[in-house]
Amino acid sequence: MPLRSRRSCLAVPGSNPRFLEKARGLDADQVFLDLEDAVAPLAKADARRNVVDALTEGGWGDTVRVVRVNDWTTQWTYQDVAEVVGKAGADLDCVMLPKVQSADHVVALDLLLSQVEKASGLEVGRLGIEAQIEDALGLTNIDAIATASPRLESLIFGPADFMASINMKSLVVGEQPPGYDVGDAYHYILMRILMAARSSGRQAIDGPYLQVRDVESFRRVAGRSAALGFDGKWVLHPDQVAAANEVYSPSQGDYDHAENILDAYEYHTSEAGGRKGSVMLGDEMIDEASRKMALVVVAKGRAAGMTRADVWEPHGG
Ligand code: GLV
Ligand code: MG
């Protein structure tokens, strides 16, 4: 499966045709059309129709197109999938499942997707799944969730529901709870999600930051999960899109450096380069582990469409 760039994942309420229209012009890597918590119960049926229209009308370019359905404890999930995938499955890339608590939740969606794909003449297995981890049970079962289906592409932290589920004493999503002054209250959760994602080859995505007018704070909070290794974050407002794209991309310098490590290492380990296992690149010693680190940065940079500004050349070995 190709690595999809998910630095910025834009939430768009399915009940608001104006927002659906506006979302097309934004530079988000992914857009998810929401049928869940941003849509009132009485508006769910209309929202399904809006989402089908928005997908089939097209105009999304390279943006990863996702619909967030309602969770399995509601009465809506099967109709969300049947209607949106049945009518617009060819114009969709992934289905996001919220409040995933166990591997069964993912398996159930996988089976339902296969049925709807068959019934609608779609390629079976093409649609991916994104799983939101939003409570203690989901986090406890995360390794099984991460490997429950080959469709699973990403594990997403849902901070608002998560904070409610563990009784965290704060209402400000993404910020530290008052009284906790000895570190990052989210560190364990983020690391747990990241370990499950990395051990199963999935992406790790950070959730929303609700103070949408405060872009500097968004950058600060996003910078933490980006530093750990997360692939991207939800964005709720146009101003957050550019910030996320920047924070979750490698810097130009790091990207060039990583590409140069790959080239230099490939050359020096080759016959022509002398079959060396550890070599100097400028003042830095590089080896097989450096290559692995460089591959991560290069994969992210290439997925984000970056190009090299500085190209290494072998100077006679
Ligand atoms: C997102 O769904 C959240 O609960 O934060
Ligand atoms: Mg949620």
Side-chain angles (χ1 to χ4, degrees), residues 6-16 19 23 28 30-41 43-44 47 51 64 66-74 76-77 80 94-102 105-106 109 129-142 145 152-177 184-194 196-197 202-212 214 217-218 221-222 224-226 230-237 240-241 244 248:
R6 288 193 165 91
R7 297 166 304 173
S8 49
C9 304
L10 178 69
V12 189
S15 48
N16 191 322
F19 283 4
Q30 164 169 319
V31 64
F32 77 86
L33 312 182
D34 194 15
L35 297 176
E36 201 221 15
D37 283 357
V39 177
K44 300 276 185 199
V51 167
V64 181
V66 178
V67 60
R68 176 165 76 163
V69 297
N70 288 280
D71 80 85
W72 280 121
T73 64
T74 68
W76 297 300
T77 322
D80 291 344
C94 294
V95 175
M96 185 188 296
L97 187 62
K99 302 183 177 65
V100 176
Q101 295 181 310
S102 62
H105 286 188
V106 176
L109 180 59
I129 295 178
E130 299 198 278
Q132 276 192 282
I133 304 298
E134 309 204 72
D135 67 2
L137 189 54
L139 195 65
T140 307
N141 290 327
I142 193 165
I145 291 168
L152 197 92
E153 295 189 16
S154 70
L155 297 166
I156 305 168
F157 177 36
D161 276 303
F162 206 105
M163 288 164 74
S165 107
I166 61 171
N167 297 354
M168 193 179 262
K169 279 171 126 179
S170 170
L171 287 172
V172 186
V173 172
E175 292 294 351
Q176 302 301 317
D184 179 358
Y186 303 97
H187 181 76
Y188 168 71
I189 308 169
L190 291 174
M191 267 306 201
R192 188 72 194 82
I193 292 174
L194 187 62
R202 320 297 186 190
Q203 289 186 324
I205 306 296
D206 196 1
Y209 183 74
L210 304 188
Q211 317 298 312
V212 293
D214 186 351
S217 296
F218 173 87
V221 172
R224 291 188 193 134
S225 66
F230 271 62
D231 298 287
K233 184 171 176 65
W234 280 17
V235 292
L236 307 175
H237 188 273
Q240 294 182 340
V241 175
Y248 292 94

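We count ligands from 1, going down the list as the structure has it; atoms in each ligand are counted the same way. Residue numbers count from 1 along this sequence.
The distance between the ring centers of Trp234 and Phe32 falls below 6.0 angstrom. Centroid-to-centroid, the aromatic rings of Tyr248 and Phe230 stay 6.0 Å apart or farther.
Judged by distance alone, the side chains of Gln30 and Arg7 never bring a donor and an acceptor atom under 3.5 Å apart.
Checked against the Mg ion (ligand 2), the N, O or S atom of Asp161 at the shortest distance is OD2. Glu134 has its closest N, O or S atom to the Mg ion (ligand 2) at the position named OE1.
For ligand 1, the atoms lying closer than 4.0 Å to a non-hydrogen atom of Ala160 are 3 (C), 4 (O), 5 (O). Proximity to Pro159 (heavy-atom distance under 4.0 Å) selects the following atoms of ligand 1: 3 (C), 5 (O). If you number the atoms of ligand 1 from 1 as listed, the ones under 4.0 Å from a heavy atom of Pro208 come out as 5 (O). Numbered from 1 in the order shown, with element, the atoms of ligand 1 that lie under 4.0 Å from a heavy atom of Trp234 read 1 (C), 2 (O). Against a heavy-atom cut-off of under 4.0 Å, Arg68 is close to the following atoms of ligand 1: 2 (O). Numbered from 1 in the order shown, with element, the atoms of ligand 1 that lie under 4.0 Å from a heavy atom of Glu134 read 1 (C), 2 (O), 3 (C), 4 (O).
Looking only at protein heavy atoms, the nearest one to atom 2 (O) of ligand 1 is Gln132 NE2, 2.9 Å.
Salt bridge annotation for Arg68-Glu130: absent, with no cationic side-chain nitrogen under 4.0 angstrom from a carboxylate oxygen. Between Lys99 and Asp37 there is a salt bridge, since at least one side-chain N of the basic residue sits less than 4.0 Å from a carboxylate O of the acidic one.
Under a 3.5 Å cut-off, the side chain of Ser8 and the backbone N or O of Ala244 do not form any donor-acceptor pair. With Asn141 contributing its side chain and Gln101 its backbone, the two residues share a donor-acceptor pair below 3.5 Å.
Contacts of Pro98 with ligand 1, taken as heavy-atom pairs under 4.0 Å, are absent altogether.
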